[in-house]
Amino acid sequence: MSSSTCERHHMRLDHQTATYLSYDGPHGGAAIPIALQAFAHYRSPAFADQINSPAARQLLWRHIGSEDEVPATGALRRELLADLNRLGAWPARPRKLVVANGAGNGAGNGVPPGEVALKVTGPLFKGTNLLTQAEGSDVLVAELRAALGKPKDIVTSDLPAIDGAPGGTLESFGILADVLNRYGAAEVFHRSVNFVPTLSALGFGDLDGAGDLFVDVSGLPGEQSAFDDFVYSSMNTPHCVITEELATWVLDRL
């Protein structure tokens, strides 16, 4: 929903919008693995520019602006959420429909925590290992190595095993592996990981307060969602992919 619609609603002006439809939208935030963000800042300026773009900093649930930063909610995301709250958050009208590509039964996507997702064997970054996110303190997520740089290990604390959580998936590690394989060699073991958690897409609050990412959504009170009606996938599917079951639900309500 555009900020202009919220603004007009806040000003009691007719925004002339009857229905709002969001398809796997990251209402509670999206996730790019910290391992990937750290690699971008380590030796990939073009990739780092994308991670530090205003859009990414508003979108990401956890962001690092450099390889040495502690993952946190970025200032631009906090400002965005504050602006929405100032406008009264989601307006009572229009009717608000949302779709999640992620499963709603609490089943993860099969990506295990704390395992190597991408291994670089080529000359430029040989020895680099990027791992899936695991819970705990001082958890290793990246071993960064470069031919012309100092080795660096990246650890995180107090983050959930979000890469394997139910949600719309993105080929986050796969995209990087494809780029690296143009210049050297890389092995990818988990191309796709969670990008938009089901709870985020369905509007059950920001991910900081959404609770267990592996919860069975069918057991949650519908009024806890910020939206009027929602649907989730029977299995985890790629972000924004239109499946027959989800498309049927949408068309039945338009």
Exercise. Should the ring pair Phe195 and His239 be called parallel, tilted or perpendicular, given that the plane angle runs from 0 to 90° and is split at 30 and 60?
Worked result: perpendicular
For this session: Run through Val193, Ile64, Leu170 and flag the one making a side-chain contact (heavy atoms from CB on, under 4.5 Å) with Ile32.
Result: Leu170
Exercise. Do you know which two heavy atoms are closest between Gln37 and Leu60, and how far apart they sit?
Worked result: NE2-CD1, 4.0 Å
Problem set entry | Main-chain N/O of Gly127 paired to Arg145 side chain as donor or acceptor, under 3.5 Å | no
Exercise. Considering the options Phe230, Trp90, Phe204, which one meets the ring-ring contact (aromatic ring centres under 6.0 Å, His included) requirement together with His27?
Worked result: Trp90
Seminar exercise, completed: Closest non-hydrogen atoms of Thr243 and Tyr23, given as atom of the first, atom of the second and distance, are N-OH, 3.5 Å
For this session: Evaluate salt bridge (charged side-chain N to carboxylate O under 4.0 Å, His left out) for Asp178 paired with Arg191, printing each intermediate quantity in order.
Result: CA-CA 10 Å; Asp178 291 345; Arg191 286 189 65 89; 2.9 Å; yes
Exercise. Are the aromatic rings of Phe125 and Phe39 close, with centres under 6.0 Å apart?
Worked result: yes
Problem set entry | Side chain Ser157, main chain Ser137, donor-acceptor under 3.5 Å | no
Exercise. Is there a side-chain contact (heavy atoms from CB on, under 4.5 Å) between Val120 and Leu180 once you walk through the steps?
Worked result: CA-CA 8 Å; Val120 183; Leu180 291 173; 3.8 Å; yes
Problem set entry | OG1-CG distance between Thr237 and Asn101, expressed to the nearest 0.5 angstrom | 3.5 Å
Problem set entry | Distance, nearest 0.5 Å, that separates CG of Leu220 from CG of Leu202 | 9.5 Å
Exercise. Should the pair His41 and His63 be assigned to parallel (<30°), tilted (30 to 60°) or perpendicular (>60°) ring geometry?
Worked result: perpendicular
